Number of protein chains: 2
Amino acid sequence: MSMKISQLSDETGVARATLKYYLREGLLHAGASRGRTQADYDASHVARVRLVRALIEAGGLSLASVKEVVQALESPPDRRHDLLGAAQCALTGSTRAEPVSCPRARALMNDLSWRIDPGSPLLTDLEHQLDAADAAGVAVPDERLRTYATSMHEVAQVDVESVPDDPQGAVRQVVVATVLIDPILITLRRLGQQDVSAQRFGLD
Amino acid sequence: MSMKISQLSDETGVARATLKYYLREGLLHAGASRGRTQADYDASHVARVRLVRALIEAGGLSLASVKEVVQALESPPDRRHDLLGAAQCALTGSTRAEPVSCPRARALMNDLSWRIDPGSPLLTDLEHQLDAADAAGVAVPDERLRTYATSMHEVAQVDVESVPDDPQGAVRQVVVATVLIDPILITLRRLGQQDVSAQRFGLD
DNA sequence: CTCCATTGGATAGTAGCGCTCTCCAATAAT
DNA sequence: ATTATTGGAGAGCGCTACTATCCAATGGAG
């Protein structure tokens, strides 16, 4: 299972120049060097390239985010719960350290008795998103928000259940599943809307 | 309620040059022209600018998508069910007209008895996303997919219920809520994962 | 051993997006 | 009459994700 860069390119459908770029950017680990002008790539490189492409194309991640993800993949934390945080940190571009209060987000968490780190950037994310909806003239009533939260909690339940025990596979599962399933959920939401709407307002 | 462009800029926090750019790009309707070098803007312009910004910042839409959305806002279809399709078309960049078969997506819809137009681009989207997950080495078993679909159907139920009868407000609600609530759902999923994980693996 | 294709490595260039800056004559406000 | 502002249009900028070109070193085929 050993190949040169051209074969890697053929195998994955990614241009050689792009592969070299990924090597330079640290998205792809170097191959085993055979002399000065040759390196061997193997199945792990094929898998990595496919992962990177999936994260970019299906997950809509930037190269910088992909880099964080693959770095998280390479240094798995030992505590099970930390994994999630690492994966999530790698994903959100939450570089803002504003000590905002997030009244609505906190109220919701409290209301639902969710165990959330009070300093989690997810809370400020949520608050910003609610503010944006308000600014756009579409308020989300608390009750509706709670309903959404309940449904997403079911999703999260499945997410966490499906993490394998094997720590190696766990990181991969958590990180990749989180990113790649997001768009799947969104698409399912749209399809669900179609169904409910068809049911309610007739097909014609 | 009449203002010049500078006031509109002050009101919305968007630079004058950017507002002019939006005008050129058709994201913002022109103000009432008062002579050659003056136009009046009103509350509708403020609302539009805030909407555009929310779609871009919180919704993560490209200017091109925002343009489609605001055009959909300006020409509301009369049939209630069409609204949804228009909104959804404006959102996905599904410009691909590939007559793909989408075996898994169709099987799922069939399995759940959802009423979906067999030609819907959402089906090909879903199929692509499932393929991407496979390629990335993280398969989504059918059973898990069904569970996700069920949860998202609950979300969709709430979505459709909260559409007002008033056709003017309906378009706005559908379009904006769809785009702006997506990220909220994703954030709620992450928070839910935190909670489930804390519950399952301990807080320590 | 020779010769040509390929490789790794590096640099520069490209296309698209989302602004932002600069300039202008016309005009409104004072 | 003077000054500030406006609409309009074009060019330019910073960023991202590549892509293209060049190079000497080398590997493999004959």
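Each chain gets a letter, A, B and so on, in the order the sequences are listed, and its residues count up from 1. In this text the structure is predicted, and so the values were computed from the model without any measurement.
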Is it the case that [X] and [Y] place a side-chain donor and acceptor less than 3.5 Å from each other?
| X | Y | value |
| --- | --- | --- |
| B:Ser120 | A:Gln194 | no |
| A:Thr147 | B:Glu154 | no |
| A:Ser6 | A:Ser9 | no |

Nearest-Å distance for atom pair [atom1]/[atom2], residues [X] and [N]:
| X | N | atom1 | atom2 | value |
| --- | --- | --- | --- | --- |
| B:Lys20 | D:dT5 | NZ | C1' | 10 Å |
| B:Leu61 | C:dC19 | CG | P | 12 Å |
| A:Arg34 | C:dT6 | CZ | P | 20 Å |
| A:Lys4 | D:dT26 | NZ | P | 15 Å |
| A:Leu8 | C:dT6 | CG | P | 17 Å |
| B:Leu28 | C:dG18 | CG | P | 16 Å |
| B:Glu25 | D:dG10 | CD | P | 13 Å |
| A:Leu19 | C:dT6 | CG | C1' | 15 Å |

Closest listed nucleotide, where the reference is the side chain of [X] and the choices are [options]:
| X | options | result |
| --- | --- | --- |
| B:Ala15 | D:dT19, C:dT20, D:dG7 | C:dT20 |
| A:Ile5 | C:dT7, C:dT27, D:dG10 | C:dT7 |
| B:Ala17 | C:dC21, D:dT6, C:dG18 | C:dC21 |
| A:Leu63 | D:dC18, C:dA26, C:dT6 | D:dC18 |

Item to check | Whether B:His45 and B:His29 hold their rings parallel, tilted or perpendicular, with breakpoints at 30° and 60° | outcome: parallel

Next on the checklist: Go nucleotide by nucleotide along DNA chain C from the 5' end; which of B:Ser62 and B:Thr37 gets its closest nucleotide reached first?
Outcome noted: B:Ser62

Checklist entry - Please walk me through it: do A:Asp40 and A:Ser2 pass side chain to side chain donor-acceptor pair (under 3.5 Å)? => result CA-CA 6 Å; A:Asp40 272 355; A:Ser2 146; 3.1 Å; yes

Whether [X] contacts [N] is assessed here as follows: a side-chain N or O lying under 4.0 Å from the phosphate OP1 or OP2. Is that the case?
| X | N | result |
| --- | --- | --- |
| B:Arg16 | D:dG8 | no |
| A:Thr18 | D:dC18 | no |
| B:Tyr22 | C:dC19 | yes |
| B:Ser6 | D:dT6 | yes |

Item to check | Touch class at under 4.0 angstrom, heavy-atom based, for B:Leu23 against every strand present | outcome: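 Result for B:Leu23 = nothing.
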
Checklist entry - Taking for each residue the nucleotide of DNA chain D bearing the nearest heavy atom, is the 5' side occupied by A:Gln38 or by A:Tyr21? => result A:Tyr21

